[in-house]
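Note sheet for the following structure.
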Amino acid sequence: MQQMTLKEIGQLLNATIRGDDSVIIQSVATLEDAVEGQISFLANSKYRAQLEATQASAVLLSEKEAEFYQGIAVIVADPYVAFARIAQHLDTTPNAAYGIHPSAQIDSSAKLGENVSIGANAVICANAILSDNVQIGAGSVVGEYSIIGQNTRLWANVTVYHNVHIGSDCIIHSSTVIGSDGFGYANERGNWIKIPQTGGVKIGNNVEIGACTSIDRGALSDTEIHDGVIIDNQVQIAHNVIIGQNTAIAGNTTLAGSVVIGKYCILGGHCAISGHLSIADGTHISGATNVTSVIREKGVYSSATVAMENKLWRRNTVRFRHLDDLFNRVKKLEKSSESE
């Protein structure tokens with residue numbers, strides 16, 4: 001079991017400890033659920049009332065909130081960020097694999113760095129490169145000429161096709177597919193002619209990709225996911241998409257081909273971005289938004305309609321069909337009033 005003293009936590013976070021710094025912390029928890037040996041946090045003042053009853057051994061607090069708590073306080077600039085850093089140090093998640101399982105299939109031309117672990121029934125194809133401390137979960141496949149950077153972890157049943165380059169310190173969750181063919185076809189008199197997808201996928205460092213996400217390889221040039229990007233479960237990223245540094249994408253979002261997402265963007269769940277569009281750095285897109293034109297200025301963009309009673313929704317849908325006619329009638333009335 002991982003554990004730290006509050007003194008060690010204070011050194012890690014550059015925090016001020018108010019109270020006994022020899023107290024041992026074994027894990028993190030919410031204010032409501034915490035027990036002795038756990039540390040909690042207050043990041044939102046609306047939960048301040050829970051401070052009085054919490055059983056946590058210590059609480060991460062801003063200097064402003066510390067005056068409302070009589071117990072042991074760890075005073076930091078940002079309690080939520082501090083909580084995340086402590087949680088990393090106390091994390092007890094097992095490895096994706098331990099050692100090289102005897103059932104793993106490793107081509108003789110593949111290159112493995114030091115301390116590589118490969119799980120049961122995993123397949124490492126010809127000329128693949130696994131750098132130091134890489135973990136490949138059970139049933140995963142790393143295709144020909146693909147490269148996995150040091151300390152990167154693939155959980156069970158991840159499929160990495162050929163000519164995919166994944167950077168260092170990445171986490172790829174189960175059943176994700178990286179490097180499958182993009183949706184590229186030409187139409188000849190009603191018949192679909194497949195266009196071979198000969199590009200690859202390049203993923204930077206410190207990227208995390210959720211379960212069951214699909215990232216298509218480029219048609220000619222590469223699909224690119226830059227450093228620090230975080231991608232949720234069940235996201236579709238089409239061929240030749242480029243996602244800028246430290247952008248976050250929530251679940252069920254779809255990016256069509258050749259979309260370019262800037263740096264530090266946030267895309268809510270269930271968004272859809274039409275092909276060949278670009279999104280400015282720092283843009284926030286609300287959940288369920290459909291983006292059908294270029295966004296050149298950063299800001300918050302939304303398009304989804306709110307839920308309403310079905311009969312009202314039906315009436316409004318019918319009215320929406322007549323919106324263009326209504327607009328034209330208003331324009332005529334405006335012109336008529338101006339001529340009088």
Side-chain angles (χ1 to χ4, degrees), residues 29-33 40-51 53 79-80 83 173-177 183 208-216 229-238 241 243 246-262 264-338:
T30 64
L31 287 169
E32 187 176 20
D33 297 331
S40 191
F41 65 98
L42 178 66
N44 188 326
S45 59
K46 74 179 184 179
Y47 296 107
R48 186 186 295 158
Q50 295 181 6
L51 284 173
Y80 195 61
F83 153 74
H173 288 282
S174 291
S175 299
T176 280
V177 178
F183 198 60
E208 182 160 1
I209 301 171
C212 299
T213 283
S214 299
I215 302 176
D216 293 343
V229 168
I230 53 175
I231 300 171
D232 199 2
N233 302 333
Q234 297 178 332
V235 172
Q236 161 64 21
I237 298 172
V241 165
I243 301 176
N246 289 309
T247 280
I249 302 176
N252 293 119
T253 286
T254 297
L255 308 183
S258 299
V259 163
V260 178
I261 306 294
Y264 306 104
C265 294
I266 298 176
L267 278 62
H270 204 62
C271 290
I273 316 295
S274 297
H276 302 272
L277 299 181
S278 60
I279 308 297
D281 294 350
T283 297
H284 289 202
I285 299 177
S286 301
T289 295
N290 293 326
V291 179
T292 58
S293 60
V294 171
I295 296 178
R296 295 184 173 88
E297 299 290 335
K298 74 175 184 179
V300 180
Y301 295 81
S302 305
S303 71
T305 58
V306 297
M308 62 187 75
E309 194 269 337
N310 183 261
K311 289 182 179 179
L312 178 59
W313 175 80
R314 286 174 176 270
R315 288 199 298 270
N316 286 338
T317 299
V318 171
R319 290 164 180 161
F320 185 79
R321 292 173 182 168
H322 300 289
L323 184 61
D324 188 60
D325 179 58
L326 178 60
F327 174 81
N328 290 328
R329 289 169 61 190
V330 170
K331 292 296 290 184
K332 287 181 181 180
L333 289 171
E334 288 176 343
K335 289 182 179 179
S336 176
S337 63
E338 288 173 359

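All heavy atoms count here, side chains included; hydrogens, waters and symmetry mates do not. Predicted model, so just to flag it, every value in this text is computed and none were measured.
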Just by modelled atom types, is the Asn290 backbone N or O under 3.5 Å from a matching donor or acceptor in the Ser303 side chain?
yes

Residues forming a side-chain hydrogen bond (donor to acceptor under 3.5 Å, both in side chains) with Arg319, sequence neighbours excluded
Asn316

Counting only N and O atoms by type, is there a donor-acceptor contact under 3.5 Å from the side chain of Asp216 to the main-chain atoms of Ala238?
no

Would you please say whether a donor-acceptor pair under 3.5 Å links the side chains of Gln236 and Asn252?
no

Does the Thr176 side chain pair with the main chain of Gly210, one donor and one acceptor, at a distance under 3.5 Å?
yes

Looking at side-chain heavy atoms only, is the closest gap between Val229 and Asn246 below 4.5 Å?
no

Could you list the residues that satisfy salt bridge (charged side-chain N to carboxylate O under 4.0 Å, His left out) with Arg329, not counting sequence neighbours?
none

side-chain contact (heavy atoms from CB on, under 4.5 Å), that's the test. Do Ile237 and Ile243 meet it? Break it down for me.
CA-CA 10 Å; Ile237 298 172; Ile243 301 176; 3.7 Å; yes

Report yes if some heavy atom in the side chain of His284 is under 4.5 Å from a heavy atom in the side chain of Lys298; otherwise report no.
no

Contact summary for Glu32 and Gln50, nearest pair of heavy atoms:
N-OE1, 3.7 Å

Please report the closest heavy-atom contact between Tyr47 and Leu31, naming both atoms and the distance.
O-CD1, 4.0 Å

So, do Trp313 and Thr317 sit near enough that their side-chain heavy atoms are less than 4.5 Å apart?
yes

Within 6.0 angstrom of Glu297 CD, more than 12 heavy atoms from elsewhere:
no

All heavy atoms of Ala288 vs all of Ala304, minimum pair found to be O-CB, 3.5 Å

With side chains defined as the heavy atoms from C-beta onward, is the minimum distance between Cys271 and Thr289 less than 4.5 Å?
yes

Passes side-chain contact (heavy atoms from CB on, under 4.5 Å), Leu312 versus Arg315? Steps please.
CA-CA 5 Å; Leu312 178 59; Arg315 288 199 298 270; 3.7 Å; yes

Approximate separation, where rounding is to 0.5 Å, of Cys212 SG and Asp232 CG:
11.0 Å

Got a sec: does the CZ of Arg314 have more than 12 other heavy atoms crowding it under 6.0 Å?
no

Give, for atom CD of Glu334 and atom OG of Ser336, the distance between the pair rounded to the nearest 0.5 Å.
11.0 Å

Looking only at heavy atoms, which two atoms of Ser274 and Ala256 are closest? And how far apart?
C-CB, 3.8 Å

Candidate pair Ile285 and Ile273, rule side-chain contact (heavy atoms from CB on, under 4.5 Å), full reasoning:
CA-CA 10 Å; Ile285 299 177; Ile273 316 295; 4.1 Å; yes

Strictly distance-based, threshold 3.5 Å: is any side-chain N or O of Ser40 a donor or acceptor partner for the main-chain N or O of Ala29?
yes

Candidate pair Val300 and Ser286, rule side-chain contact (heavy atoms from CB on, under 4.5 Å), full reasoning
CA-CA 7 Å; Val300 180; Ser286 301; 4.1 Å; yes

If you round to the nearest 0.5 Å, how far is CG of Asn233 from CD1 of Ile209?
11.5 Å

Out of Val260, Thr247, Val291, Leu267, which one pairs with Ile279 under the side-chain contact (heavy atoms from CB on, under 4.5 Å) rule?
Val291

Minimum heavy-atom distance between Pro79 and Phe41, given as atom pair plus value:
O-CB, 4.1 Å

State whether the side chain of Thr253 and the backbone N or O of Gly268 hold a donor-acceptor pair below 3.5 Å, judged by distance alone.
yes

State whether the side chain of Thr30 and the backbone N or O of Asp33 hold a donor-acceptor pair below 3.5 Å, judged by distance alone.
yes

